[in-house]
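Only heavy atoms go into these numbers, but all of them, side chains included; no hydrogens, no water, no symmetry mates.
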Amino acid sequence: MTNDTWGQARETLQTTIGKNNYQTWIEPLTFISCDGGVAEFGVQTSFQGDWVSRNFGDEILRQFDKLGESVDRLKFSVQSNRPVKTAAPATTTISKSRQTAAPKPVQAATPSDDPVIGAPLDKRFTFDRFVVGKPNELAHAASRRVAEGGPVSFNPLFLYGGVGLGKTHLMHAIAWELQTRSPELKVVYLSAEQFMYRFIQALRDRQMMDFKSLFRSVDVLMVDDVQFIAGKDSTQDEFFHTFNALIDQQKQIIISADRAPGEIDGLEERIRSRLQWGLVVDLHPTDYELRLGILQQKVEQYRAQYQELKITDGVLEFLAHRISNNVRVLEGALTRLFALASLVGREITLEMAQESLADILRQSDRKVTMDEIMRKTCDYYNVRMSDLLSPKRSRNIARPRQMAMWLAKLLTQRSYPEIGKRFGNRDHTTVIHAVRKIDELKAQDSQVAEDAELLRRMLEA
């Protein structure tokens, strides 16, 4: 038997077993030899060979018999040194159609002809619409690198951070970029919840082999909010095996969560350790400059729709300062302002923003208490509360005291005199000096800047 004979058999198999089954299982096979009635094929994994043997072995032998070939048995050998991606022979009909076909949606084909596996992508979430700042520059750079394709660099890439910091935006942006650069790739994006529901459905319908083959035949698997599977033992077990199978095939995996792998309660240790194999990147809470940049970009986008509307100076700065915890809420506030202004035919002023966003502003008001700030600061610097409130002025006491005053002014609505009173009846000028001192040191000393950021995050968590 020759490659030409195998090519003829493949053309018939495409019709008899269906296009999706053919593309997923038959097309990647590499004919090696036929000797003594045994036809040998190269496969990427033993799982692939087992699946083809069980599900399509009889049909392949039947096609050989029709072509007059004496083949009694099929043999599948894992070729570890072959490229991960296998080019389809140019003589087959399917390869020609692939060369001229339009880019596929970002989803994997399934053996059961079900075209829906992943979640739909949001067209707004692309790299050119992602505002980069210091809190997210590493996550953006790593996502860009993975989206370029080519040899796997960070596997898995694990993105984590709080709500509304850009994790999902980056996940969608990677998928869009991969689709544009390499439309032949099978890229699947879905939430951990969707992964679990498909797993449960497969168990219920007794289609676990279809489920396994579906998720283990993709080129890029992207799972959002992986903390959802914590505590769900069966789903974690299947996720673990899927993860390992894709890693073994050098396929890219991208994961997101609201916490670092080591901080997700209920996650099995074997999964936690594998999630830490690659690059783990934290998306830090947005700072004022980044929030302002996001608002400015949104205004430019809205101008195309609301060309006649005007926004007065100071509104964006006000929003960036007052709504600090969630970018989605921040963007929603700006959307509300533009919608209201267009309906009533008014320009967007600071007064309008304060009136129409009163509910959002109330929810965004910081609820951190003075006691929390003082306690956290003492714990962080390992000083006693009595020392923090005492007249002591040694540096190991004065610096934590200044940091606590700076945090009190940043995270509460207390005035300088009120803060001074809580810190051992100190004068308000002492508090003003402390705030200015920390601001100066943040710009000069990276350690002070890191301390301030960590304490702020701890208090706002």
Side-chain angles (χ1 to χ4, degrees), residues 131-142 159-162 165-166 259-260 262-263 279-294 317 320-325 327 366 368-424 426-461:
V131 180
V132 183
K134 189 174 181 180
N136 60 27
E137 59 183 354
L138 177 57
H140 175 264
L159 305 172
Y160 76 95
L165 297 183
R259 284 155 284 169
E263 298 175 355
L279 179 63
V280 179
V281 184
D282 180 7
L283 281 87
H284 297 285
T286 56
D287 55 22
Y288 170 78
E289 289 76 14
L290 180 55
R291 293 194 296 273
L292 184 58
I294 292 170
E317 290 78 3
H321 175 71
R322 290 294 302 274
I323 306 175
S324 60
N325 292 334
V327 172
R366 302 179 178 92
V368 181
T369 66
M370 293 283 291
D371 287 338
E372 287 177 302
I373 291 172
M374 297 166 75
R375 186 173 64 254
K376 289 281 188 183
T377 304
C378 287
D379 292 342
Y380 186 84
Y381 286 104
N382 194 26
V383 299
R384 294 179 298 181
M385 181 72 76
S386 58
D387 289 334
L388 198 72
L389 303 179
S390 73
K392 294 181 180 179
R393 302 180 66 177
S394 58
R395 181 166 179 171
N396 65 318
I397 300 298
R399 185 56 47 77
R401 183 188 296 129
Q402 291 172 336
M403 181 64 74
M405 290 180 175
W406 180 84
L407 289 166
K409 187 58 183 173
L410 177 70
L411 301 179
T412 73
Q413 301 299 315
R414 301 290 185 178
S415 64
Y416 286 119
E418 289 174 320
I419 295 173
K421 186 176 182 180
R422 285 292 286 112
F423 280 84
R426 282 178 165 80
D427 189 83
H428 73 281
T429 57
T430 303
V431 181
I432 294 174
H433 172 74
V435 172
R436 290 176 178 173
K437 185 64 176 178
I438 295 298
D439 283 332
E440 291 173 3
L441 290 173
K442 281 178 59 188
Q444 301 167 4
D445 189 330
S446 60
Q447 184 60 56
V448 173
E450 182 179 343
D451 291 344
E453 177 64 16
L454 285 174
L455 279 165
R456 184 182 70 83
R457 290 176 59 192
M458 290 165 57
L459 288 162
E460 289 185 335

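Between E137 and K134 there is no salt bridge, since no side-chain N of the basic residue sits under 4.0 Å from a carboxylate O of the acidic one.
Contact detail for L292 and A320: the closest heavy-atom pair is N-CB, 3.9 Å. Nearest heavy-atom pair, A404 versus L388, reported as atom, atom and distance to 0.1 Å: CB-CD2, 4.4 Å. Smallest separation of non-hydrogen atoms from Y160 and R259: CB-O, 3.4 Å. When all heavy atoms are compared, the tightest approach of D282 to G161 is OD1-CA, 4.3 Å. Counting all heavy atoms, side chain and backbone alike, V281 lies closest to A142 at CG2-CB, 4.4 Å. Across all their heavy atoms, L165 and T286 have their closest contact at CD2-N, 4.0 Å.
For A398, the side-chain contact (heavy atoms from CB on, under 4.5 Å) partners are R401, not counting sequence neighbours. Here H284 pairs with nothing under the ring-ring contact (aromatic ring centres under 6.0 Å, His included) rule; sequence neighbours left out. Residues passing the side-chain contact (heavy atoms from CB on, under 4.5 Å) test with T429, sequence neighbours excluded: D427. R422 pairs by the side-chain hydrogen bond (donor to acceptor under 3.5 Å, both in side chains) definition with D371, not counting sequence neighbours.
Counting only heavy atoms from C-beta outward, the side chains of Y381 and M403 approach each other to under 4.5 Å. In this structure, the side chains of M405 and Y416 stay at 4.5 Å or more apart for every pair of heavy atoms. In this structure, the side chains of V383 and N396 stay at 4.5 Å or more apart for every pair of heavy atoms. In this structure, R291 and I323 have side chains that are not in contact, with every pair of non-hydrogen atoms separated by 4.5 Å or more.
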Test salt bridge (charged side-chain N to carboxylate O under 4.0 Å, His left out) applied to K421 and E418, step by step = CA-CA 5 Å; K421 186 176 182 180; E418 289 174 320; over 6 Å; no

Atom pairs and distances, donor-acceptor, side-chain atoms in residues 430-450, under 3.5 Å, two or more places apart:
unit_1: D439; atom_1: OD1; unit_2: W406; atom_2: NE1; d: 2.8
unit_1: D445; atom_1: OD1; unit_2: Q447; atom_2: N; d: 2.9
unit_1: Q447; atom_1: NE2; unit_2: D451; atom_2: OD1; d: 2.9

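Taken from CD in E372 to OG1 in T377, the straight-line distance is 11.0 Å, to the nearest 0.5 Å. Rounding to the nearest 0.5 Å gives a distance of 10.0 Å between CG of L454 and CZ of R456. Rounding to the nearest 0.5 Å places OG1 of T369 at 10.0 Å from CE of M374. To the nearest 0.5 Å, atoms CG (L410) and CG (L459) are separated by 9.5 Å. We find the CG-CE distance between L407 and M370 to be 10.5 Å, quoted to the nearest 0.5 Å.
Counting only residues at least two apart or on different chains, the salt bridge (charged side-chain N to carboxylate O under 4.0 Å, His left out) pairs with a member in residues 382-396 are R384-D387, D387-K392.
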